[in-house]
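Contents: one structure, followed by commentary.
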Amino acid sequence: WRSRQTRSVSHICLLMKAKKRMNGMENVLVPFDESKSARRAIQYLIDRAELFAGQKLHVINVQDEVKVFGDCLTQSMIDEMHESAIAYSSEYTTSAAAMLKGTGLRFETHELIGDAPTEIAKAVKEYDCHLVVMGTRGMSKLGNLLMGSVATRVIHEVDVPVLLVK
């Protein structure tokens with residue numbers, strides 16, 4: 001227990017030192033899918049609100065693009081499915097907003113459609129983010145190899161630091 005507490009205190013000290021050096025950091029991207037790990041990432045930010053004061057959190061949820069093969073669907077049907085995906089995404093970002101409300105942290109929510117790692121990388125640029133904070137499910141090396149990982153792909157696709165919360 002003592003070792004864990006020491007690591008936590010050291011971690012907070014490092015973050016505070018980093019904050020002093022990150023005067024230009026104003027935007028933080030927070031991918032959120034309402035999983036336990038995503039909720040832990042939001043809670044991590046809330047627990048360290050003083051470190052993120054003055055910065056804006058951009059909470060995003062990315063839903064997969066509807067894949068249509070052939071011409072069996074009309075454009076209006078495709079548009080309706082797209083709107084449904086955005087509405088579904090909005091439910092997730094609303095959940096994150098409820099966690100952040102009243103914490104003093106500034107945030108916006110965004111709903112996106114597409115490949116999650118690709119859209120996260122685009123959002124980093126679009127919202128001029130200097131940090132990505134996201135949860136990781138902590139899959140085994142074998143699971144990561146077989147199934148891949150959104151977090152792993154994000155690390156490789158963005159040009160900013162990625163803080164993974166386990």
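- Using a 4.5 Å heavy-atom threshold, the side chains of Ile120 and Glu157 count as separate.
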In residues 96-106, what donor-acceptor pairs under 3.5 Å come from side-chain atoms, sequence neighbours left out?
| residue | atom | partner | partner atom | Å |
| --- | --- | --- | --- | --- |
| Thr103 | OG1 | Leu100 | O | 2.6 |
| Thr103 | OG1 | Leu105 | N | 3.2 |
| Arg106 | NH2 | Gly54 | O | 3.1 |

Verdict with reasoning, Glu126 to Lys122, per salt bridge (Lys or Arg N to Asp or Glu O under 4.0 Å): CA-CA 6 Å; Glu126 183 176 342; Lys122 286 181 189 175; over 6 Å; no
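- With a 4.5 Å cut-off on side-chain heavy atoms, Asn61 and Asp33 count as touching.
- Residues Val160 and Leu131 have side chains not in contact (no heavy-atom distance under 4.5 Å, counting atoms from C-beta outward).
- Inter-residue side-chain proximity for Pro117 and Val150 is flagged as met; some heavy-atom pair is nearer than 4.5 Å.
- At a threshold of 4.5 Å between non-hydrogen side-chain atoms, the residues Asn27 and His58 count as touching.
- A donor-acceptor contact shorter than 3.5 Å is absent between the side chain of Ser89 and the backbone of Ala85.
- Between Lys56 and Tyr127 there is no side-chain heavy-atom pair separated by less than 4.5 Å.
- The heavy-atom pair separating Ala41 from Gly135 by the smallest distance is CB-N, 3.6 Å.
- In plain terms, the two heavy atoms of Thr136 and Ser37 that are nearest each other are O-CB, 3.3 Å.
- Note: Met134 CE to Leu164 CG = 6.5 Å, rounded to the nearest 0.5 Å.
- Residue Gly114 comes nearest to Val62 through the heavy atom pair O-CG1, 3.4 Å, listed as atom of the first residue, atom of the second, then distance.
- The nearest pair of heavy atoms linking Glu65 to Ile113 is CA-CG2, 3.6 Å.
- No more than 12 heavy atoms of other residues, nucleotides or ligands shown are found within 6.0 angstrom of CD on Glu80.
- Here the NE2 atom belonging to His110 is positioned 12.5 Å from the OG atom belonging to Ser90, to the nearest 0.5 angstrom.
- With a 6.0 Å cutoff to the six-membered ring centre and a 45° limit on the axis angle, Arg40 does not count as a cation-pi contact of Tyr44.
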